[in-house]
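Right, one structure below, let's go through it.
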Amino acid sequence: MKLATLADGSRDGRLLLVSRDLARAVEAADIAPTLQAAVERWPQVEAALQARYDALNRGEADGAFDFDPARVMAPLPRAWQWLDGSCFLSHGELMQRAFDLEPIEGVESTPLMYQGAGDDFLGPRQDIPLPSEAQGIDFEGEFAVLVDEVPMGCPAEQALAHVRLILQLNDVSLRALAPREMKTGFGFVQAKPSSSFAPVAVTPDELGDAWTEGRVHLPLKVEWNGEWFGHPHGGAMHFGFHQLIAHGALTRRLSAGTLIGSGTVSNHDRSLGSACISERRAIEMIEHGAPRTGFMRFGDRVRMEARLADGTPLFGAIDQRVVRGGLPCA
C-alpha cells in the first residue's frame, strides 16, 4: 500500500491511499483518520485499507481523484519519536579523513543514533524556512521506517516484523552549528531543523526484492538546482533497519509511530555522487586541500527521488526550495 496525508488545515491532516503509479488517490479517513491512528491500530485496519487500495489500483474506488503532491503534508506530519542513525560508514570515514578526526570507538559494531525533533515535519513541496545562509544549509537524502509498538529489548531478528511503512526524507542540516553541538555530547538541537518527507509512505511489499536484509536496495537520485548531485545506493547501509530498531529499543519500548532514519545515503564508489553537500566538500578537502562547493543559498532547490528498477515511482519526489524564515524574538 501507499499512504499519504492530505493537508486539510488541521495539524495531522487526513489519511489518503495513493495508487501504485501515484496518479490517483482516495480518502481513507473513515477507516483511520490519520496515519498515526492507522499505525496504532494496524491489525484492525490493515485489511480494510488493503481492500480500498486494491480497488483504487483497479480504477474502482468511489470518490477517487487525481493525486497532487503539492496538497499533502509529510505522511506522518509529527511523530511521537524521531530517531536518526548514521549507518553508511563511508560517510563517517570521509568526515574523519577530511577533518582529521579520531575514529569513533565501536562504530562498526554499534549504530550511531540520536533523537531528533519529530514535532514539525515538512511536506514534499513545502519551502524550507531558515534564518541565515551563514548557518551552512545542507540537505541529506535518507530512508526511514515507521514502526508499530516495539517492546523493550526486542532482538534484531524480530525487529522487522514491527516495520509498517518505509519512507524517504530530506534531513536538513545546518553544518555551521553542528560542530559545537557535537562537542557538548548532548546531541543536536539548533543544527537539525525540520526534516522533509516524500509524498507517500509505502508498505514493505511495494519494494519487492528491493526490500531485503532490512535495507532499501535502490539508488536515491539527488538534484541540486536542476543538476545531478548523486544517486548513491541504499543497499550499502552497514546496519540494517532491524539492527537500528533493536538498538533504539534496547532499554525502552518504542511507541507506535516512532520513525527511524538511516542517515545520509553514502557509497564508497565516488562515481555515484553524494546525498549531502558536506560529503562532497569532504571529498574536495581530501583531493584538493579545501572545499570548492558552497552550501545552499536562499532560493536554491533540492529534488530527491527513488524509483524501482522498472522506473515505477515509489515514494514520489521531494522537490523544495530554501527560503528566509523565522522571526526575531521579542
Side-chain angles (χ1 to χ4, degrees), residues 1-6 10-16 28-29 31-49 72-87 110-123 142-169 171 186-189 192-198 200-204 211 214-216 237 239-263 315:
M1 286 184 284
K2 297 189 176 185
L3 300 101
T5 294
L6 180 68
S10 69
R11 186 64 185 82
D12 297 299
R14 294 202 308 277
L15 186 63
L16 297 179
I31 300 173
T34 65
L35 187 58
Q36 177 66 35
V39 173
E40 289 178 350
R41 300 184 62 249
W42 195 260
Q44 291 77 39
V45 303
E46 181 182 15
L49 290 172
V72 300
M73 308 167 76
L76 191 68
R78 52 180 172 173
W80 292 113
Q81 185 165 217
W82 164 226
L83 302 174
D84 199 15
S86 182
C87 298
T110 303
L112 297 176
M113 181 179 286
Y114 73 93
Q115 184 162 317
D119 60 317
D120 187 32
F121 293 137
L122 299 176
E142 300 189 22
F143 297 109
V145 295
L146 181 64
V147 299
D148 60 13
E149 185 168 312
V150 180
M152 182 174 64
C154 177
E157 305 82 61
Q158 299 175 18
L160 291 184
H162 294 283
V163 173
R164 292 293 164 239
L165 296 162
I166 304 170
L167 304 91
Q168 175 199 314
L169 69 137
D171 185 45
F186 273 75
F188 297 118
V189 178
K192 290 291 186 177
S194 297
S195 298
S196 311
F197 284 79
V200 302
V202 308
T203 49
W211 176 247
R215 295 165 173 84
V216 178
M237 281 177 73
F239 299 101
F241 279 110
H242 54 304
Q243 294 163 299
L244 295 187
I245 294 167
H247 179 80
L250 181 66
T251 60
R252 56 181 174 176
R253 65 184 177 91
L254 305 180
S255 298
T258 295
L259 274 165
I260 300 175
S262 66
F315 309 99

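None of these values were measured; they are calculated from a predicted model. One-based numbering along the sequence shown.
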Does the [X] side chain pair with the main chain of [Y], one donor and one acceptor, at a distance under 3.5 Å?
X	Y	answer
Ser194	Leu122	no
Thr5	Met73	no
Arg164	Val39	no
Glu142	Gly263	yes
His242	Gln158	no
Gln36	Ala256	yes
Glu46	Pro43	no

Nearest-0.5 Å distance that lies between atom [atom1] in [X] and atom [atom2] in [Y]:
X	Y	atom1	atom2	result
Ser196	Asp171	OG	CG	9.0 Å
Asp12	Leu76	CG	CG	8.0 Å
Arg78	Phe121	CZ	CZ	11.5 Å
Gln81	Arg252	CD	CZ	4.5 Å
Ile31	Leu15	CD1	CG	8.0 Å
Gln243	Thr110	CD	OG1	10.5 Å

Check the angle between the aromatic planes of Phe315 and Phe143 and answer parallel, tilted or perpendicular using the 30° and 60° thresholds. tilted

Taking it one step at a time, do Asp148 and Trp42 satisfy side-chain contact (heavy atoms from CB on, under 4.5 Å)? CA-CA 8 Å; Asp148 60 13; Trp42 195 260; 5.6 Å; no

Any side-chain heavy-atom pair from [X] and [Y] closer than 4.5 angstrom?
X	Y	result
His247	Phe239	no
Leu167	Phe197	yes
Leu165	Thr203	yes
Leu259	Leu169	no

Does Asp120 pair with Arg11 as a salt bridge, N-O distance under 4.0 Å? yes

Counting only heavy atoms not in Trp80, do more than 12 sit closer than 6.0 Å to its CH2 atom? no

If I compare all heavy atoms of [X] with all of [Y], which pair ends up nearest, and what's the gap?
X	Y	result
Leu49	Ala28	CD2-CB, 3.8 Å
Leu244	Met113	O-CE, 3.5 Å
Thr258	Ser255	OG1-O, 2.8 Å
Ala4	Val72	CB-CG1, 4.3 Å
Pro204	Ile166	CA-CD1, 3.8 Å
Ala246	Ala159	N-CB, 4.5 Å

